[in-house]
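This report concerns only the one structure given below.
Quick note on labels: first sequence line is chain A, next is B, and so on, each numbered from 1.
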Amino acid sequence: MAYWLFKSEPSTWSWDDQVAKGAVGEEWDGVRNYQARNNMRLMALGDLGFFYHSQKEKAVVGIVEVCKTAHPDSTTDDPRWECVDIRAVKPLAQAVTLEQCKADPRLSEMVLVNNTRLSVQPVSQEEWRVICDLGGVDASA
DNA sequence: GCCAACGTTGGC
DNA sequence: GCCAACGTTGGC
């Protein structure tokens with residue numbers, strides 16, 4: 001079981017949009033970055049991820065699950081780009097802000113803190129546990 | 001709205 | 001294969 005973080009601008013694709021897709025889930029398409037794509041290729045069915053709102057909110061707001069492994073991105077003909085499908089699992093009781101992550105020494109190595117621009121990131125088990133704790137949810141989802 | 005960080009592109 | 005130029009992202 002691996003953990004991930006998916007970053008999105010709420011104006012483009014928000015947590016509410018994700019929830020509206022229900023158990024069917026939705027393609028995490030539009031990624032045009034090799035590192036992000038490579039991370040998606042590593043994902044397995046049932047892997048869990050955080051849903052992060054960038055820009056104004058800058059906070060982890062929910063938990064998602066990978067419901068389809070990497071496949072060609074339907075929004076482009078370019079075979080280089082692949083994506084996974086994810087579905088909403090549950091929201092955090094309390095959003096965990098970027099500010100909180102930066103302030104917590106246990107999260108000082110987090111990709112979110114150190115590489116703000118990567119849109120699909122790995123999250124360590126420890127980081128997962130800490131953020132679930134801060135967010136007021138069960139880390140086992 | 002600005003700017004820093006980073007990734008990609010293309011000329012050499 | 002290197003590196004400068006450019007475009008994009010995202011925090012502030």
Side-chain angles (χ1 to χ4, degrees), chain A residues 1-139 141:
Chain A
M1 164 75 77
Y3 301 105
W4 309 95
L5 183 143
F6 297 86
K7 193 184 297 183
S8 183
E9 296 180 33
S11 57
T12 306
W13 183 253
S14 72
W15 171 250
D16 287 342
D17 293 328
Q18 186 68 52
V19 169
K21 287 290 172 178
V24 179
E26 175 74 359
E27 277 192 355
W28 195 260
D29 56 32
V31 171
R32 302 291 183 266
N33 171 285
Y34 291 105
Q35 263 184 283
R37 184 207 62 190
N38 292 343
N39 285 333
M40 289 199 285
R41 281 181 174 171
L42 293 172
M43 293 180 190
L45 277 183
D47 276 0
L48 297 174
F50 288 127
F51 193 106
Y52 177 85
H53 277 168
S54 64
Q55 311 257 105
K56 193 170 183 213
E57 204 174 338
K58 287 170 293 178
V60 175
V61 294
I63 291 177
V64 294
E65 178 184 8
V66 175
C67 60
K68 192 173 183 182
T69 52
H71 57 85
D73 185 331
S74 68
T75 62
T76 177
D77 290 331
D78 192 328
R80 289 179 300 171
W81 305 118
E82 299 176 14
C83 61
V84 297
D85 289 12
I86 60 174
R87 65 177 183 85
V89 174
K90 62 182 176 187
L92 298 193
Q94 262 179 276
V96 177
T97 65
L98 178 63
E99 198 180 5
Q100 280 176 277
C101 294
K102 284 186 167 177
D104 196 314
R106 295 171 297 176
L107 300 175
S108 63
E109 298 298 314
M110 224 186 144
V111 182
L112 184 66
V113 173
N114 296 299
N115 183 359
T116 55
R117 296 193 51 209
L118 185 58
S119 61
V120 179
Q121 325 177 347
V123 173
S124 76
Q125 190 166 3
E126 169 71 2
E127 288 157 1
W128 182 266
R129 202 186 56 71
V130 169
I131 290 174
C132 284
D133 195 37
L134 293 171
V137 294
D138 184 350

**Request:** Using side-chain contact (heavy atoms from CB on, under 4.5 Å) as the criterion, list what pairs up with A:D78, not counting sequence neighbours.
**Result:**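 side-chain contact (heavy atoms from CB on, under 4.5 Å) list for A:D78, sorted by chain: A:T76, A:R80, A:W81.
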
**Asked** How would you list, by chain and number, every residue that makes a side-chain contact (heavy atoms from CB on, under 4.5 Å) with A:E9, sequence neighbours excluded?
**Response** A:S11, A:T12, A:S54, A:Q55

**Request:** Assign A:K56 to base, sugar-phosphate, or nothing according to its heavy-atom contacts below 4.0 angstrom with the strands shown.
**Result:** nothing

**Message:** Classify A:L118 by what it touches in the nucleic acid, base, sugar-phosphate, or nothing, heavy-atom distance under 4.0 Å.
**Reply:**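 Contact class for A:L118: none.
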
**Request:** Go through the steps to decide whether A:D16 and A:S14 satisfy the test side-chain hydrogen bond (donor to acceptor under 3.5 Å, both in side chains), and finish with yes or no.
**Result:** CA-CA 5 Å; A:D16 287 342; A:S14 72; 4.9 Å; no

**Item:** DNA chain B contacts made by residues 26-38 of chain A, counting heavy atoms under 4.0 Å
**Value:**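 Here the set is A:N33, A:Y34, A:Q35.
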
**Asked** How would you list all residue pairs meeting side-chain hydrogen bond (donor to acceptor under 3.5 Å, both in side chains) that involve residues 58-70 of chain A, not counting sequence neighbours?
**Response**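 The answer is A:E65-A:R87.
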
**Message:** Per the side-chain hydrogen bond (donor to acceptor under 3.5 Å, both in side chains) rule, what does the pair list look like for residues 105-121 of chain A, sequence neighbours excluded?
**Reply:**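 Qualifying pairs: A:D104-A:R106.
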
Using the salt bridge (charged side-chain N to carboxylate O under 4.0 Å, His left out) criterion, which residues pair with [X]? Sequence neighbours excluded.
| X | answer |
| --- | --- |
| A:E57 | none |
| A:K102 | none |
| A:D29 | none |
| A:E26 | A:K21 |

**Partner residues of A:F6 under the ring pair (Phe, Tyr, Trp, His ring centres under 6.0 Å) criterion, sequence neighbours left out** = A:W28

**Request:** Give me the first and last nucleotide of DNA chain B, going 5' to 3', that has any atom under 4.0 Å from a heavy atom of chain A.
**Result:** B:dA5 to B:dT8

**Message:** At a heavy-atom distance below 4.0 Å, what parts of residues 10-17 of chain A sit against DNA chain C?
**Reply:** none

